[in-house]
Number of protein chains: 2
Amino acid sequence: MATPPDEQHLCLDNQVCFSLYRAANAMVRAYRPLLEELDLTYPQYLAMMVLWSDNGISVKLLGEQLKLDSGTLTPLLKRLESKGLLHRGRSEQDERVRVIELTAAGQALKQRASQVPEKMFCLLGLEVEKLQSLKQLCDELNQVLDQR
Amino acid sequence: MATPPDEQHLCLDNQVCFSLYRAANAMVRAYRPLLEELDLTYPQYLAMMVLWSDNGISVKLLGEQLKLDSGTLTPLLKRLESKGLLHRGRSEQDERVRVIELTAAGQALKQRASQVPEKMFCLLGLEVEKLQSLKQLCDELNQVLDQR
DNA sequence: CTAATTTATATTGTGTACAATTTAATTGCT
DNA sequence: AGCAATTAAATTGTACACAATATAAATTAG
């Protein structure tokens, strides 16, 4: 009505981005107790997930999948290494490249992690269809934002 | 088909949460150049947005709106104070309470920020309907996750 | 076949997030 | 009034994110 456009747009309640930001924070928070049992943070869990299906990958490829850079991944991977879950080796062909290889313990953790997605689904407590739409919309947003 | 359930669920591509996490990171990244002109980070911009409509609020109330705790807000507000955008006073009635009041500069910044939502909308490059659905779904998720 | 360029990580520095703890002020209870 | 319990912020410590820069190995160009 009489509300000037600034008031309208500069309002928290009207902002998709704030909802998204809040949801991401809340989601990571919700994962915490589940992942605590595995002694992993959410970003560490993501890295392990990539490695469980793509063992022996480089930091660069890992970063491309997770959309994270070496500034984030180097210390994260060092922490996972110090927990004995992986080894940060070097490529034979290219000495610059770190080859990340899971240890037996790292491989084994996959079994214990296999319950996590199911538990998280219950915690999220939204219908599958809604979660699918949410994922779809986030993916569209990611596609747009990635190419800039 | 032959893929065991672990493989299926422990895959990055099948996870809503990862899409959400990526999208939130990408969104904050996209804000950066816009907010750089205002010398604000995205969380700082959020705090300013609350204060532009609710000046003189306490840290607690600010935290309730942003869903952030004093561990995050105290240093953030100190940074905004050192930029001369606000003053961290004390309530007369209750000495524990910090009353956050915008300075003239803090008030004035609202004008320069008024272009940000429009610019961000263009950057996001999704149809209004999709952004609305996205917001709606994030809000539903927030509602579920908040009450735990 | 070097010198310049590119590429893969690492490092540095800033700013969140958040759990856990601490401090100080207020409220409730008896 | 006096003291335990509560509450509001602040502090401490850990772990991201990411820009900017540095380093070292590989590739390319002349």
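In what follows, chains carry the letters A, B, and so on, assigned in the order in which the sequence lines appear, proteins first and then strands, with residues in each chain numbered from 1. Keep in mind it's a predicted model, so treat the numbers as computed, not measured.
Checked by distance alone, A/Arg96 brings a side-chain donor or acceptor within 3.5 Å of a matching partner on the base of C/dT7.
Which of C/dA25, D/dA17, C/dT9 sits closest to the side chain of A/Leu68 comes down to D/dA17. Comparing atom distances between the A/Thr74 side chain and each of D/dC18, C/dT11, C/dC18 picks out C/dT11 as nearest.
Proximity of a side-chain donor or acceptor of A/Asp69 to a complementary backbone N or O of A/Thr72 within less than 3.5 Å is detected. A donor-acceptor pair is defined here as one N or O able to donate and one able to accept, closer than 3.5 Å; no such pair exists between the side chain of A/Arg88 and the backbone of A/Thr74.
For A/Lys78, a side-chain nitrogen or oxygen approaches OP1 or OP2 of C/dT11 to under 4.0 Å. Here B/Thr72 does not reach the OP1 or OP2 of C/dA17: none of its side-chain N or O atoms lies under 4.0 Å away. Between D/dA9 and B/Ser70, no contact under 4.0 Å exists linking OP1 or OP2 to a side-chain N or O. Between B/Arg90 and the phosphate of D/dA9, there is no side-chain N or O to OP1/OP2 separation shorter than 4.0 Å. Between B/Gln93 and C/dT26 there is no side-chain polar atom (N or O) within less than 4.0 angstrom of OP1 or OP2. For D/dC18, one of the phosphate oxygens OP1 or OP2 lies less than 4.0 angstrom from a side-chain nitrogen or oxygen of B/Arg29. Distances shorter than 4.0 Å separate some side-chain N or O of B/Arg79 from OP1 or OP2 on C/dG15. Between B/Gln44 and C/dT16 there is a side-chain N or O to OP1 or OP2 distance below 4.0 Å.
Sequence order on DNA chain C of the closest nucleotides to A/Asp94 and B/Thr41 puts A/Asp94 first from the 5' end. Toward the 5′ end of DNA chain C lies the nearest nucleotide of B/Lys83, the other residue of the pair B/Lys83 and B/Asp69 mapping further downstream.
Contact annotation for A/Glu36: no contact, since no heavy-atom pair falls under 4.0 Å across all strands. Backbone-only engagement by A/Leu76 is indicated by non-hydrogen atom pairs under 4.0 Å involving sugar-phosphate atoms exclusively. Counting any heavy atom pair closer than 4.0 Å across all strands shown, B/Arg88 reaches sugar-phosphate atoms only and no base atom.
What separates NZ of B/Lys67 from P of C/dC18 is a distance of 12 Å, to the nearest Å. Put simply, OH on A/Tyr31 is 20 Å from P on D/dA15, counting in whole angstrom units. For the pair B/Glu81 CD and D/dA10 C1', the computed distance is 14 Å after rounding to whole Å. Between the P atom of D/dT7 and the CD atom of B/Glu64 lies a distance of 12 Å, rounded to the nearest Å. Separating the CZ atom of A/Arg32 from the C1' atom of C/dA17 is a distance of 8 Å, rounded to the nearest angstrom.
Checked for salt-bridge contact, B/Glu36 and B/Arg32 miss the test: no charged N lies under 4.0 Å from a carboxylate O.
Checked by atom type, the side-chain pair A/Glu140/A/Gln136 shows a donor-acceptor distance below 3.5 Å.
Between B/Tyr45 and B/Tyr31, the angle of the ring planes lies from 30° to 60°, which puts this pair in the tilted group.
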